[in-house]
Number of protein chains: 2
Amino acid sequence: MNKKLEHKLKDNSIKPTAMRLLVLKFLTEQNKAVSLQDIELAFERADKSTLFRTLKTFENSKIIHSIEDGTGHLKYALCLEGCSCSPIDLHYHFHCNMCKETFCLTELNVPTIELPKNFEMQQANMVIKGICGTCK
Amino acid sequence: MNKKLEHKLKDNSIKPTAMRLLVLKFLTEQNKAVSLQDIELAFERADKSTLFRTLKTFENSKIIHSIEDGTGHLKYALCLEGCSCSPIDLHYHFHCNMCKETFCLTELNVPTIELPKNFEMQQANMVIKGICGTCK
DNA sequence: AAAATGATGCAAGTGAGTTGCAAAGTTTAT
DNA sequence: ATAAACTTTGCAACTCACTTGCATCATTTT
């Protein structure tokens, strides 16, 4: 397990420090997108700025992607195998207004969107808000 | 013109004060979504918190809708006639990475999204990022 | 005309995100 | 193996958008 995570980092030229492995492991275990603060709470010993920089590092290497779900807390979630966070394999996110959790709806691909002439899509942030299955 | 704006407010049980009419007029004249600061700059005499509350009032009455475009500045744009900001007439937004402007792509409706079982959609925040036609 | 209600402006607070810098830990070259 | 170079980490402090409390002013109701 840890070997796998370690490789994931090495493959992206990220030094697999203890901290980074812990954060990556934590992210792997979630079935929802988490905020910097969620991670802070999970690792009370760790410093906010270290975690912040760790997340930015992961994000730059496309190991995770971030979602602005409207809560004011940027959320992070693991990219799936092959997810290059490019328009092609973009997915929707769902934010539950009740439990306040944000999930990746990875099974639903965003359809190709017919943009106006000359517009070029580079990234997207798609958040659907409502009530999730558990809270319903 | 002003009469029309005044009616728009009255129809939504909002007192048409001078300030509110000015802000509504300003919003009507834009072809892009604007931030609180954009409005602050347009009306140097007005106070930030007044403008803030004005926007919240408009938003609550569904006269305008807000978009988180990832810039860290919440943007506001007029709802179109009949736009109730409900899932049905939801549209995409486009944020240009070059000129940093955010537009409503009102001509493109968001398709019905097949959510997981028991999930209920209430609102959405759809932002496509890239290069707009003018900057291309 | 007085009381109640609502809008506005100022100042100050909140809080997520971010940065500078020094200390600790790693790697590389000698 | 050791010193020099580089990277990561932790602390503190800062930024900046947004938000709130409260007193004042305006408007509406009684």
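All values reported here derive from a predicted model rather than from experimental measurement. A, B, ... follow the sequence lines: proteins, then strands. Residue 1 opens every chain. Side-chain atoms are counted along with the backbone in the values below, which use heavy atoms only and exclude waters and symmetry mates.
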Between [N] atom [atom2] and [X] atom [atom1], what is the distance in whole Å?
X: B/Leu24; N: C/dA7; atom1: CG; atom2: C1'; result: 17 Å
X: A/Leu74; N: D/dA17; atom1: CG; atom2: P; result: 17 Å
X: A/Asn60; N: C/dT18; atom1: CG; atom2: P; result: 12 Å
X: B/Arg20; N: D/dA26; atom1: CZ; atom2: P; result: 16 Å
X: B/Leu51; N: C/dC10; atom1: CG; atom2: C1'; result: 14 Å
X: B/Met19; N: C/dG6; atom1: CE; atom2: P; result: 21 Å
X: A/Leu22; N: D/dT8; atom1: CG; atom2: P; result: 16 Å
X: B/His73; N: C/dG17; atom1: NE2; atom2: P; result: 15 Å

Check this for me: does the side-chain of A/Ser49 come within 3.5 Å of the base of D/dC11 through a donor and an acceptor?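 Side chain to base: pair present.
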
Hey, does the side-chain of B/Arg53 have a donor or acceptor N/O within less than 3.5 Å of a partner on the base of C/dG9?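 Flag set: donor-acceptor pair detected.
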
If you look only at distance, which donor and acceptor atoms sit under 3.5 Å apart when one is on a side chain in residues 125-136 of chain A and the other is two or more places apart or in another chain?
from: A/Asn125; atom 1: OD1; to: A/Glu68; atom 2: N; distance (Å): 3.2
from: A/Asn125; atom 1: ND2; to: A/Glu68; atom 2: O; distance (Å): 3.1
from: A/Lys129; atom 1: NZ; to: A/Asp69; atom 2: O; distance (Å): 3.3
from: A/Lys136; atom 1: NZ; to: B/Glu120; atom 2: OE1; distance (Å): 3.3

Determine the contact category for A/Thr17: base if any of its heavy atoms lies under 4.0 Å from a base atom, sugar-phosphate if only primed atoms, P, OP1 or OP2 are that close, otherwise nothing.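 Result for A/Thr17 = sugar-phosphate.
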
Flag, side chain of [X] to backbone of [Y], donor-acceptor distance under 3.5 Å:
X: A/His7; Y: A/Leu5; answer: no
X: A/Ser61; Y: A/Ile63; answer: no
X: A/Arg20; Y: A/Lys15; answer: yes

Phosphate contact (D/dC6 OP1 or OP2) by A/Lys15 side-chain N/O below 4.0 Å: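 For D/dC6, neither OP1 nor OP2 has a side-chain N or O of A/Lys15 closer than 4.0 Å.
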
Report the end-to-end axis angle of the helix from C/dA1-D/dT30 to C/dT30-D/dA1; each axis comes from five terminal pairs, and the value is rounded to 10°.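 Terminal axis comparison yields 10°.
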
Quick one: list whatever passes side-chain contact (heavy atoms from CB on, under 4.5 Å) with A/Glu107, sequence neighbours left out.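 Result, side-chain contact (heavy atoms from CB on, under 4.5 Å) vs A/Glu107: A/Leu105, B/Pro116.
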
Residue list, side-chain contact (heavy atoms from CB on, under 4.5 Å) with A/Glu59, at least two apart or on another chain: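 By the side-chain contact (heavy atoms from CB on, under 4.5 Å) rule, A/Glu59 matches A/Lys56, A/Ile64, A/Ser66, A/Tyr76.
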
To the nearest 0.5 angstrom, please state how far the NZ atom of B/Lys75 sits from the NE2 atom of B/His93.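 NE2 of B/His93 is found 11.0 Å from NZ of B/Lys75.
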
Where at least one partner belongs to residues 40-51 of chain A, residue pairs that pass salt bridge (charged side-chain N to carboxylate O under 4.0 Å, His left out), sequence neighbours excluded: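 Found none.
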
What residues from residues 35-47 of chain B pass a heavy-atom cutoff of under 4.0 Å to DNA chain C?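 Here the set is B/Asp47.
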
Looking only at side chains, do A/Thr102 and A/His95 share a donor and an acceptor under 3.5 Å apart?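 The criterion, which ignores hydrogens and geometry beyond distance, is satisfied for A/His95 and A/Thr102.
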
By nearest heavy atom, map A/Phe52 and B/Ile14 onto DNA chain C; which one lands nearer the 5' end?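 The residue whose closest nucleotide sits nearer the 5' end is B/Ile14.
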
Closest-nucleotide 5' rank along DNA chain D - winner of A/Lys48 and B/Tyr76: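 Between the two, 5'-proximity favours A/Lys48.
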
